[in-house]
Asker: 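My structure is below; once you've seen it, I'll send some questions.
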Amino acid sequence: QVQLLESGGGLVQAGGSLRLSCVCSGRTFTFDAMGWFRQTPGKEREFVASISWNGGNTIYVDSVKGRFTISRDNAKNTVYLQMNSLKPEDTAVYYCALRLDGGAAMTLREYTLWGQGTQVTVSS
């Protein structure tokens with residue numbers, strides 16, 4: 001069974017940093033694109049970042065550009081989201097997702113597999 005498991009969430013003060021990790025088990029995701037999304041209560045899940053299969057292409061939502069960095073280690077079947085200069089509006093449940101295609105993408109429907117999410121809370 002293929003699963004994605006996120007970790008690294010928590011409570012941090014504004015201006016602080018967190019690094020999220022997502023491990024894929026049951027499948028070698030070497031040729032899959034990966035993405036990070038986030039969701040707050042009452043709102044739709046929104047795109048945060050995506051990375052192509054070899055890390056050569058990355059996409060970010062404008063609100064996190066310059067603060068967040070997505071990366072991957074295919075040898076560890078792991079994708080990361082380094083989040084710096086965090087703001088209260090970054091508070092959300094963060095989900096990683098797998099796309100059965102090598103290209104980075106921003107749209108939810110293009111992702112096939114989702115993790116359970118990890119809570120990130122940024123206090124002001």
Asker: Could you note down all residue pairs passing side chain to side chain donor-acceptor pair (under 3.5 Å) where residues 22-32 supplies at least one of them, sequence neighbours left out?
Answerer: Arg27-Asp32
Asker: Grab the two heavy atoms, one from Gly117 and one from Val93, that are nearest each other, plus how far apart they are.
Answerer: CA-CG1, 3.8 Å
Asker: Side chain to side chain donor-acceptor pair (under 3.5 Å): which pairs involve residues 91-102, sequence neighbours left out?
Answerer: Arg38-Tyr94, Arg99-Asp101, Arg99-Glu110
Asker: Are Leu98 and Leu5 grouped together when hydrophobic residues (ILVMFWY) are joined by side-chain heavy atoms under 4.5 angstrom apart?
Answerer: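 No, Leu98 does not connect to Leu5 through the hydrophobic network.
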Asker: Strictly by salt bridge (charged side-chain N to carboxylate O under 4.0 Å, His left out), give each pair with a member in residues 115-124 just once, sequence neighbours left out.
Answerer: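 Every pair satisfying salt bridge (charged side-chain N to carboxylate O under 4.0 Å, His left out) with a residue in residues 115-124: there are none.
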Asker: Can you find a pair of side-chain heavy atoms, one from Leu86 and one from Leu18, that are under 4.5 Å apart?
Answerer: yes
Asker: Under the rule for side chain to side chain donor-acceptor pair (under 3.5 Å), what residues qualify as partners of Gln39, not counting sequence neighbours?
Answerer: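 For Gln39 the side chain to side chain donor-acceptor pair (under 3.5 Å) partners, ignoring immediate neighbours, are Arg45.
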Asker: If you compare all heavy atoms of Phe37 against all heavy atoms of Leu108, which two are closest, and at what distance to 0.1 Å?
Answerer: CE2-CD1, 3.4 Å
Asker: Sort and list the pairs that fulfil side chain to side chain donor-acceptor pair (under 3.5 Å) and have at least one residue in residues 113-124, not counting sequence neighbours.
Answerer: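 Listed by first then second residue: Gln119-Thr121.
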Asker: Do the non-hydrogen side-chain atoms of Phe29 and Asn74 ever get within less than 4.5 Å of each other?
Answerer: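 Counting from C-beta outward, Phe29 and Asn74 do come under 4.5 Å.
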Asker: Just to verify, what does Ser52 make a side chain to side chain donor-acceptor pair (under 3.5 Å) with, not counting sequence neighbours?
Answerer: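 Side chain to side chain donor-acceptor pair (under 3.5 Å) check on Ser52 returns Asn54.
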Asker: Looking at Tyr60 versus Phe47, is the centre-to-centre ring distance below 6.0 Å?
Answerer: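 Ring centres of Phe47 and Tyr60 not closer than 6.0 Å.
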Asker: To the closest 0.5 Å, what do you measure between CZ (Arg67) and CE (Met83)?
Answerer: 9.5 Å
Asker: So, using side chain to side chain contact (heavy atoms under 4.5 Å, CB included) as the criterion, who are the partners of Lys43 when residues are at least two apart?
Answerer: Thr40
Asker: Check whether any side-chain heavy atom of Leu113 sits under 4.5 Å from a side-chain heavy atom of Gln3, and report yes or no.
Answerer: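 No - every pair of side-chain heavy atoms lies 4.5 Å or more apart.
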Asker: Does anything in residues 6-75 pair up under disulfide bond (SG atoms under 2.5 Å apart), and if so which pairs, sequence neighbours excluded?
Answerer: Cys22-Cys96
Asker: Find the distance between CD (Glu89) and OG (Ser63) and round it off to the nearest 0.5 Å.
Answerer: 8.5 Å
Asker: With sequence neighbours left out, write down each residue that passes side chain to side chain contact (heavy atoms under 4.5 Å, CB included) with Ser71, or none if nothing qualifies.
Answerer: Tyr80
Asker: Any heavy-atom pair between the side chains of Leu20 and Val120 that's under 4.5 Å?
Answerer: yes
Asker: Evaluate the criterion salt bridge (charged side-chain N to carboxylate O under 4.0 Å, His left out) for residue pair Lys65 and Asp62; output intermediate values, then yes/no.
Answerer: CA-CA 5 Å; Lys65 285 181 180 178; Asp62 285 347; 3.0 Å; yes
Asker: Atom CE of Met34 and atom CD1 of Ile51: how far apart are they, to the nearest 0.5 Å?
Answerer: 10.0 Å
Asker: Membership question, hydrophobic clusters at under 4.5 Å side-chain separation (ILVMFWY): are Val2 and Trp36 in the same one?
Answerer: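 Yes, Trp36 connects to Val2 through the hydrophobic network.
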Asker: What heavy-atom pair brings Ser50 and Ala105 nearest, and what distance separates the two atoms?
Answerer: OG-N, 3.0 Å
Asker: Just by modelled atom types, is the Lys76 backbone N or O under 3.5 Å from a matching donor or acceptor in the Thr78 side chain?
Answerer: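 Side chain of Thr78 to backbone of Lys76: a pair is present.
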Asker: Is Phe31 isolated, or which residues cluster with it under the ILVMFWY side-chain rule of less than 4.5 Å, directly or via members?
Answerer: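 Its cluster partners, ordered by chain and number, are Trp53.
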Asker: Could you note down all residue pairs passing disulfide bond (SG atoms under 2.5 Å apart) where residues 29-85 supplies at least one of them, sequence neighbours left out?
Answerer: none
Asker: Just jot down the side chain to side chain donor-acceptor pair (under 3.5 Å) partners of Asn84, sequence neighbours excluded, or say none.
Answerer: Ser17, Gln82
Asker: Can you tell if the side chain of Leu4 reaches within under 4.5 Å of the side chain of Val23, non-hydrogen atoms only?
Answerer: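 They are not in contact (no side-chain heavy atoms under 4.5 Å apart), so the answer is no.
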Asker: Would you indicate whether the side-chain heavy atoms of Phe68 and Asp90 approach each other to under 4.5 Å?
Answerer: yes
